[in-house]
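Nothing here was measured: the structure is a model prediction, and the numbers come from that model. Residue numbers run from 1 in the order of the sequence given.
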Amino acid sequence: MSSVSYLFVIAVLGVGFSVVVLSLQYKHLLGVLLSLELMMLSLFLMIVSIGSGFNFEGQLCLILITLSACEASLGLAVLVSLIRTHGNDYVQSFNGYKC
């Protein structure tokens with residue numbers, strides 16, 4: 001029982017850390033995408049730690065991992081297309097009118 005609580009605490013710290021990094025990351029798009037991936041991994045750990053006592057984590061974890069993989073592939077596709085058009089991944093160089 002105590003290992004589940006440690007896993008939950010680590011997951012909450014991971015979500016909090018990823019939110020802080022996401023709010024402070026304003027220079028590179030790759031850093032934003034990495035912090036979003038950390039948030040999804042922490043949410044996955046949180047669902048596993050909470051759901052282990054209720055025996056329902058299987059389907060919900062599968063859905064979350066599927067959505068996380070889709071989000072990662074879309075993020076990388078956007079990153080590649082922006083690097084091809086703008087030449088870098090600086091967030092400051094992106095303009096809403098050009099996209």
Chemist: For residues L76 and L74: do they belong to one hydrophobic cluster (side chain heavy atoms under 4.5 Å, members Ile, Leu, Val, Met, Phe, Trp, Tyr)?
Modeler: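 No, it is not one cluster - the side chains of L76 and L74 are not joined through contacts under 4.5 Å.
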Chemist: Report the C-alpha distance between M46 and I50 in whole Å, list the side-chain angles of each, state the deciding distance to 0.1 Å, and finish with yes or no for side chain to side chain contact (heavy atoms under 4.5 Å, CB included).
Modeler: CA-CA 6 Å; M46 191 179 297; I50 291 172; 3.9 Å; yes
Chemist: With the 4.5 Å side-chain cut-off for hydrophobic clustering, are L67 and L36 part of the same group?
Modeler: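 No, because L67 and L36 fall into different hydrophobic clusters, even though each may have its own neighbours under 4.5 Å.
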Chemist: Where is the tightest heavy-atom contact between L33 and G75, given as atom of each residue plus distance?
Modeler: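 Taking every non-hydrogen atom into account, CD1-O, 3.5 Å.
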Chemist: Might you point out which heavy atoms bring S35 and S18 nearest each other, and give the distance in Å?
Modeler: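 Minimum heavy-atom contact is O-CB, 3.5 Å.
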Chemist: Please report the closest heavy-atom contact between L82 and T85, naming both atoms and the distance.
Modeler: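 Closest heavy-atom pair between L82 and T85: O-OG1, 3.2 Å.
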Chemist: How close do L64 and L43 get, counting heavy atoms only, and between which atoms?
Modeler: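 Result for this residue pair: CD2-C, 3.8 Å.
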Chemist: Roughly how far, to the nearest 0.5 Å, is CG of L62 from CD1 of I47?
Modeler: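 Rounded to the nearest 0.5 Å, the CD1-CG separation comes to 11.5 Å.
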Chemist: Who clusters with I10? Use side-chain heavy atoms, under 4.5 angstrom, across I, L, V, M, F, W and Y, and order the result by chain and number.
Modeler: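 Reading the cluster by chain and number, I10 sits alone, since nothing else belongs.
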Chemist: Looking only at non-hydrogen atoms, find the nearest pair between V15 and M39 and report the distance.
Modeler: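 Taking every non-hydrogen atom into account, CG2-O, 4.5 Å.
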Chemist: Tell me whether V19 shares a hydrophobic cluster with L22, the cluster being built from Ile, Leu, Val, Met, Phe, Trp, Tyr side chains joined at under 4.5 Å.
Modeler: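 V19 and L22: one cluster.
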Chemist: Which distance, rounded to the nearest 0.5 Å, do you find between the CE of M40 and the CG of L45?
Modeler: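 So the gap between those two atoms works out to 12.0 Å.
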Chemist: Starting at OG of S68, measure out to CD1 of I63 and round the result to the nearest 0.5 Å.
Modeler: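 So the gap between those two atoms works out to 13.5 Å.
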Chemist: Report the distance from atom CZ of F44 to atom OG of S49, rounding to the nearest 0.5 Å.
Modeler: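 Interatomic distance, F44 CZ to S49 OG, rounded to 0.5 Å: 10.5 Å.
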Chemist: Using a 4.5 Å cut-off between side-chain heavy atoms of Ile, Leu, Val, Met, Phe, Trp and Tyr, which other residues end up in the same hydrophobic cluster as L38?
Modeler: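 Direct or chained contacts put L38 with F17, V21.
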